Structures are given as structure tokens and as C-alpha cells.
There are 2 protein chains.
Amino acid sequence: MQEKSTRTPNADRRAMMRKKLMDAARSLFVEKGFAATSTPEIVKSAQVTRGALYHHFEDKEDLFRAVVVAEAKELRQAIEVATKGTIDDPLGTGSKGYFEAMSIQGRAQLLLIDGPAVLGVQEMDQIDAGGGRAALRTGLITANPDLSDEGLEAVTKVLSAGYDRAALAIAQGEAAKPYEQAMAALVRATIS
Amino acid sequence: MQEKSTRTPNADRRAMMRKKLMDAARSLFVEKGFAATSTPEIVKSAQVTRGALYHHFEDKEDLFRAVVVAEAKELRQAIEVATKGTIDDPLGTGSKGYFEAMSIQGRAQLLLIDGPAVLGVQEMDQIDAGGGRAALRTGLITANPDLSDEGLEAVTKVLSAGYDRAALAIAQGEAAKPYEQAMAALVRATIS
DNA sequence: TTGCATGCATACAGCCTGTATGTTTATGGA
DNA sequence: TCCATAAACATACAGGCTGTATGCATGCAA
């Protein structure tokens, strides 16, 4: 009479189930895209039932959102760690950190392609808040405090877009170096 | 031996039906996105039946592809027209033409967000071939023939990504000028 | 211990997609 | 002109997916 000795407190249980679903979902979303991934597939991969999924998430999109938010958070933290305590060339360091963090399998697809399409550009902007773009902006300002405040936001956004496209190209198998150099040159030109 | 039928069954009729479906589809895709648009909605809006849709297009994705390809073609032609016969500052002219062409309602969403998500980054790259990016590259080379051939492709891509993000931001209601200036500055820095 | 809330599984209704099948219309040869 | 045929389009159907409703079990608090 082996009682259920695995009496996991509800809070842990909840976190574990969410993680299990999010991991399975992430994997499938990356592999086949959001639209082509069905909830039956996800729960089968996670070895639970759709009841669990819809208990923990509002709907399929909400699960996707959770995956993307977690991904954005990891990216943000990776950049933070990389740039933490760097005194000289924070832009170069941050750039390196960004490319490295974005080389994680599926991350570019999730954050740059499916995210905007499924959640919308506006919401993805929110989710990204404080991510690479913010670091880039402070880096630019630090390197050249004279940068006009007026256009700074726009410059930051388009440069950040360059970084994103570079990361995506690299994720698709293109060589990294030309892109790293291209972005470095653009940033250098911007702050001088 | 049944030889190849050379008959041309009502070509005009065919073109008109395709256009009617593509127009209705474009409108709904822009309004609600690809995934949230159903084929019953599309054909209702076009005042035909799903039979017509599936007669002219393989599936919903194929219809979307047709819409996107047409959109990309219009963009390309608009840029061509704008830059045609410009002697000085072809980059500035092309830039202006690009932004103007990208201000068409829904175009940025279709080409920059839904396109890559639905058709994939690779295929969108094909579809865009000869579009703004090609014009940008030749413009860069013309302005400064010394640009290293090695990294030119990468530079072109990240700059092009900047243009795209700028166009998207403008399409979302942000002011155009800061973005136009930011891109002009980046391009200037690149060719000098 | 008891009653309730939470966690999860099962069942169901509605919609959507793609295909198969039927009907009309136009075309080009006889 | 008329007919055979392929294209154009409409209708019907099968399977799958989403989200919700419902039911049972388990942890928790009183």
C-alpha cells in the first residue's frame, strides 16, 4: 500500500506543471511554429492532458505568451550578466552578449518571428522592454552624451533592428562574423 | 495521343476571380491577421464560395502567398519608379520611395510580420529578392565603390532591417521624421 | 475530520480546413 | 452549328482542433 508519498505542495506542483507544459510547448513551437502546433500534441509531449493545459493557461496563445516572456527574460538576464561590471567598451561587450544569448536554439524564431505575429508588435515591444534595446540605448548615451535626445529613440530602434536581423541570419546558419562587424561599424559610426 | 490542350479558358474571368479573392483576403489578413481569418469569411467578403477559392489556390496559405507576392511586387515597382532616372542622391531618393511605398495600409504588417511567420524567413527572402534590399546594395556600392565586398551583404541586410523597422514603427503611428533621419545618418556613415 | 478550493481528466459543441463530388459554363474541333 | 471536354464554380462531407462544461480526486484550512 504505497501511499502517494510524493505529496508535493500545491505551489511546487503548479510551478512544475507549468514548466513541463512550457518546455514541451517551446520545443514544438520552435520546431513547427505556433500555428502548426496543436494542443493535443503539446500535452502528449508533456504527458498530461489538455485539461491541465487549460487549467494553467487561458488558451493556446496564453501558453505561447508565457513561453515568449520566459525567453525574453532569459535573454535580458544573459545580457545583464555579460555586461555586469564592464568598465570599458560596454557596447562591444553587450553586443557580444546579445549575439551569444540569441544563438540559443529557437530563440530568434520565437522572439523575432512568431512573437510579433502571434502577440502583435505592440505587446512584443512591452515584453522586450528593458531588454537589448534599453541596454543599447544607455550604451549609446554613455559613449556619446551629446547624442540628440530627439532622435535617440529612433536610432536605437533601427540599430536594434539591425542586431535582430543579424541574430536571425546567424540563427539561420549564416556566418556570424560579417554581421558582428557590420553592427560594430554602425554603432561606432553612430557614437562618433 | 491527347496532345497538349492549347485552349485558353477564360483568362480574364480567371484573373478577375483571383483578384477578387486576393483583395478580400488582403483586407481581412490586414485587419485580423492570417490565423484569425477563416476561408468562410474570405469567400463571404468576396461573394463567392469556398469552391472558387480552392479552385484557384492550393490552400489558405497559397492564397496568402499570392497576396504577399503581389504586395512585394508593388513595393518593388514603386521603388523602381521613384528612383528611375535619378542622377544624384539615388540613396536618398530610394529611401524616400521606400518609406512612401511602405506607408500603404497593411503593407508593413503583411511583408514584415505575417509574411515571415506564415511563409518562413527563407521564402520571404526569396519573395523580397530584387526589392528594397537590392536597390540599397547597388546604391551603397555606387556611392562608395570601395566598400568591401566581403561584408557588403551583411551591412546591406542590417541596414535594410533598420529601414523595415522604421517603416513598421511609422505604420504603427509613430512620427516618420526621426526614423528617416536616423536611417539617413546610418547610410551616410556607411558610405563614408 | 470535514468542507472547500484547487488540480487535473474526460466529454462535448462548434468551427475550420481540405477534399471529394456534383453542376454549370465556355472553348475549339468536327 | 453542335458536341465533347476541360475549366469554373458550388455543395457536401470527414477529420481535427479549440475552448468550455463537467466530473472526480487530492491537498489544505478550520
Side-chain angles (χ1 to χ4, degrees), chain A residues 1-29 31-67 114 117-119, chain B residues 1-29 31-67 114 117-119:
Chain A
M1 43 296 181
Q2 182 70 356
E3 310 278 314
K4 279 266 156 85
S5 60
T6 57
R7 289 189 29 169
T8 322
N10 266 348
D12 292 356
R13 197 178 179 79
R14 182 173 181 81
M16 286 174 61
M17 175 59 90
R18 285 181 66 96
K19 176 168 167 41
K20 198 152 65 160
L21 282 164
M22 285 168 63
D23 285 350
R26 202 208 105 108
S27 189
L28 288 163
F29 287 153
E31 185 189 338
K32 325 173 47 175
F34 173 80
T37 301
S38 69
T39 55
E41 272 178 301
I42 295 171
V43 299
K44 184 178 175 187
S45 166
Q47 293 187 310
V48 296
T49 64
R50 295 179 67 245
L53 194 165
Y54 280 91
H55 179 70
H56 288 281
F57 301 93
E58 270 188 31
D59 50 24
K60 190 179 146 190
E61 182 180 312
D62 189 44
L63 170 57
F64 179 78
R65 189 187 337 271
V67 170
D114 282 345
V118 174
L119 305 176
Chain B
M1 227 35 159
Q2 183 72 357
E3 42 209 77
K4 198 184 303 180
S5 160
T6 54
R7 56 202 303 186
T8 325
N10 213 332
D12 292 355
R13 194 184 180 81
R14 180 173 182 82
M16 285 175 64
M17 174 61 90
R18 284 182 65 98
K19 176 168 167 39
K20 199 154 63 158
L21 282 164
M22 285 168 64
D23 285 349
R26 202 209 105 110
S27 186
L28 287 164
F29 287 154
E31 184 188 338
K32 324 172 46 172
F34 174 79
T37 301
S38 69
T39 56
E41 273 178 301
I42 295 171
V43 299
K44 184 178 175 187
S45 166
Q47 294 186 310
V48 297
T49 65
R50 296 179 66 243
L53 194 164
Y54 280 90
H55 178 70
H56 289 281
F57 301 93
E58 269 188 31
D59 50 23
K60 190 179 145 190
E61 181 179 314
D62 190 46
L63 170 56
F64 179 79
R65 190 187 338 270
V67 169
D114 282 345
V118 174
L119 304 177

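None of the values given here were measured: they were computed from a predicted structure. Naming: A, B, ... by sequence-line order, numbering from 1 per chain.
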Checking Tyr54(B) now: which residues fulfil ring pair (Phe, Tyr, Trp, His ring centres under 6.0 Å) with it, not counting sequence neighbours? none
Taking only residues two or more places apart in sequence or in another chain, which ones pass side chain to side chain contact (heavy atoms under 4.5 Å, CB included) with Lys32(B)? Leu28(B), Ala36(B), Thr37(B), Glu41(B)
May I have the distance from Arg18(B) (atom CZ) to dC9(D) (atom P), rounded to whole angstrom? 12 Å
To the nearest angstrom, how far is Met17(A) atom CE from dA25(D) atom P? 17 Å
Output the rounded distance in Å from CZ (Phe64(B)) to P (dT17(C)). 14 Å
Given dT17(C), is OP1 or OP2 found less than 4.0 Å from the side-chain N or O atoms of Thr39(B)? yes
Side-chain donor-acceptor distances from residues 42-51 of chain A under 3.5 Å, at least two apart:
{"residue": "Thr49(A)", "atom": "OG1", "partner": "Gly51(A)", "partner atom": "N", "Å": "3.4"}
{"residue": "Arg50(A)", "atom": "NE", "partner": "Thr39(A)", "partner atom": "OG1", "Å": "3.0"}

At under 4.0 Å, does any side-chain N or O of Arg14(B) touch on OP1 or OP2 of dA8(D)? yes
Provide, to the nearest angstrom, the distance between the CE atom belonging to Met16(A) and the P atom belonging to dG7(C). 14 Å
Rounded to whole Å, the CG-P distance (Asp12(A) to dG27(D)) equals 13 Å
Atom CG of Leu63(B) to atom C1' of dT17(C): distance rounded to whole Å? 13 Å
Aromatic ring pairing Phe64(B)/Phe29(B), orientation class (parallel under 30°, perpendicular over 60°, tilted between): perpendicular
Pairs involving residues 51-64 of chain A, ordered by first then second residue, that meet salt bridge (Lys or Arg N to Asp or Glu O under 4.0 Å) (sequence neighbours left out): Glu61(A)-Arg65(A), Asp62(A)-Arg65(A)
Donor-acceptor contacts under 3.5 Å from residues 19-26 of chain A side chains, at least two apart:
{"residue": "Lys19(A)", "atom": "NZ", "partner": "Asp23(A)", "partner atom": "OD2", "Å": "2.7"}
{"residue": "Arg26(A)", "atom": "NH1", "partner": "Glu71(A)", "partner atom": "OE1", "Å": "2.8"}
{"residue": "Arg26(A)", "atom": "NH1", "partner": "Glu71(A)", "partner atom": "OE2", "Å": "2.5"}
{"residue": "Arg26(A)", "atom": "NH2", "partner": "Gln105(A)", "partner atom": "O", "Å": "2.2"}

Nearest-Å distance, NZ (Lys60(B)) to C1' (dC15(C))? 12 Å
Can you list, by residue number, the residues of residues 41-57 of chain B that have a non-hydrogen atom closer than 4.0 angstrom to DNA chain C? Arg50(B), Tyr54(B)
